[in-house]
Chemist: 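There's a structure below that I have some questions on.
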Number of protein chains: 2
Amino acid sequence: MSKRKNSGAESGGRPGAGKPERYMQPSILMALRRKPSYGYELIQEIPRFGFLEGPAPPGMIYRHLRDLEGDGLVVSEWEAEGSWPAKRVYRLTGDGEAVLALWVDYMLRQAGHLTAFVDLYRRG
Amino acid sequence: MSKRKNSGAESGGRPGAGKPERYMQPSILMALRRKPSYGYELIQEIPRFGFLEGPAPPGMIYRHLRDLEGDGLVVSEWEAEGSWPAKRVYRLTGDGEAVLALWVDYMLRQAGHLTAFVDLYRRG
DNA sequence: AGGAATATATCCTTGGAGGATATATGTCAA
DNA sequence: TTGACATATATCCTCCAAGGATATATTCCT
């Protein structure tokens with residue numbers, strides 16, 4: 001038996017369990033491209049892209065948002081209008097658009113590799 | 001600027017750089033399904049599935065092989081016939097076949113999500 | 001009053017990824 | 001013959017993304 005805690009079939013992207021590709025960054029960028037939004041809303045919106053099962057983990061979202069802003073891919077504004085719990089509203093920048101475009105290229109290529117792999121499997 | 005070393009666009013699966021999804025496990029299982037093989041050969045064969053750029057990192061391959069065997073997805077036999085540097089030849093088991101099938105299901109779903117994402121981008 | 005929902009933020013641990021490295025041997029050219 | 005290179009396997013160690021846990025504050029509803 002393997003000595004490793006999370007060995008083979010139980011680890012690193014095991015189809016049934018584990019943690020598969022989540023594509024959090026492109027999902028956030030994509031959501032913000034459609035309309036400006038804020039952390040709490042993104043947590044519920046982002047799983048709709050299909051890469052996540054439940055709601056997105058808050059810690060992840062807020063950290064990504066912070067990092068994205070640090071890199072100039074998004075900018076935020078503190079919105080205290082409705083006087084409800086104030087929201088930090090983010091929107092995409094030009095740089096953010098460009099990076100999203102790169103992501104889309106990559107994802108398209110990846111989709112190609114995946115379907116090629118599946119085809120190969122079925123022929124084999 | 002972000003304080004994190006590998007922030008935003010430079011990290012965790014950034015399209016241009018970083019380290020994207022590699023699908024090492026399914027690639028190994030797939031290769032072994034076609035024919036039994038060994039570490040050194042797999043290192044060169046596996047990148048052909050498109051998920052890797054250069055040759056696969058040896059450390060990764062051997063660790064995966066060891067783990068896979070620990071989980072009963074592959075079995076190995078020490079082949080000292082040709083008397084050259086002896087090879088440990090691996091082949092897929094029934095459990096391995098089953099796990100590969102799960103992987104294929106997952107990959108097909110993932111491909112669907114990716115193309116849907118790209119479509120959404122293009123329409124938006 | 002108190003519980004649920006809204007909303008943001010930080011901290012800490014875990015574990016996969018993989019680069020670096022060690023080892024051994026057979027081939028081939030200089 | 002000797003040294004570089006290819007074949008072949010294996011282990012170790014470090015780094016960092018992931019994300020669960022947790023803290024805080026406010027408003028709505030019962």
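Sequence lines set the chain letters: A, B, ... in the order given, protein chains first and strands last, and positions in each chain run from 1.
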Chemist: For dA10(D), does either OP1 or OP2 sit under 4.0 Å from a side-chain N or O belonging to R88(B)?
Modeler: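 For dA10(D), OP1 or OP2 has a side-chain N or O of R88(B) closer than 4.0 Å.
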Chemist: According to side-chain hydrogen bond (donor to acceptor under 3.5 Å, both in side chains), does anything in residues 28-42 of chain B pair up with another residue at least two apart or in another chain? List the pairs.
Modeler: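 Checked against side-chain hydrogen bond (donor to acceptor under 3.5 Å, both in side chains) - neighbours excluded - the pairs reaching residues 28-42 of chain B are K35(B)-E41(B), S37(B)-E41(B).
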Chemist: Could you tell me the separation between the CZ atom of R22(A) and the P atom of dG19(D), rounded to a whole number of Å?
Modeler: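 Computing the R22(A):CZ to dG19(D):P distance gives 3 Å.
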Chemist: With nearest nucleotides of DNA chain D determined for Y40(B) and Y90(B) from heavy-atom distances, which residue corresponds to the more 5′ nucleotide?
Modeler: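 The residue closer to the strand's 5' end, by nearest nucleotide, is Y40(B).
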Chemist: Name the nucleic acid region contacted by G39(A), choosing base, sugar-phosphate or nothing; use a 4.0 angstrom heavy-atom cut-off, strictly under.
Modeler: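 Contact class for G39(A): sugar-phosphate only.
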Chemist: Establish, with yes or no, whether the OP1 or OP2 oxygen of dT8(C) is under 4.0 angstrom from a side-chain nitrogen or oxygen of Y38(A).
Modeler: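 No.
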Chemist: Quick one: is dT10(C) close enough that its OP1 or OP2 comes under 4.0 Å of any side-chain N or O from R66(A)?
Modeler: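 The answer is yes; a side-chain N or O of R66(A) sits under 4.0 Å from OP1 or OP2.
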Chemist: Roughly how many Å is it from NZ in K87(B) to P in dA10(D), rounded to a whole number?
Modeler: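 From K87(B) NZ to dA10(D) P: 14 Å.
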Chemist: Starting from C1' on dG19(D), measure out to CD on Q25(A) and report it in whole angstrom.
Modeler: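 My rounded result for the distance is 15 Å.
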Chemist: Write down the distance between CG (D71(B)) and C1' (dG16(C)), rounded to a whole number of angstrom.
Modeler: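 One finds 15 Å between C1' of dG16(C) and CG of D71(B), rounded.
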Chemist: Separation of W78(B) atom CH2 from dT25(C) atom P, in whole Å?
Modeler: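 Rounded to whole Å, this separation is 12 Å.
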Chemist: Nearest whole Å is fine: how far is dA17(D) C1' from H64(A) NE2?
Modeler: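 So the NE2-C1' distance, H64(A) to dA17(D), works out to 8 Å.
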Chemist: Both M24(A) and M60(B) contact DNA chain D. Which one's nearest nucleotide lies toward the 5' end?
Modeler: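 The residue closer to the strand's 5' end, by nearest nucleotide, is M60(B).
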Chemist: OP1, OP2 of dT8(C) versus side-chain N and O of Y62(A): anything below 4.0 Å?
Modeler: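 For dT8(C), OP1 or OP2 has a side-chain N or O of Y62(A) closer than 4.0 Å.
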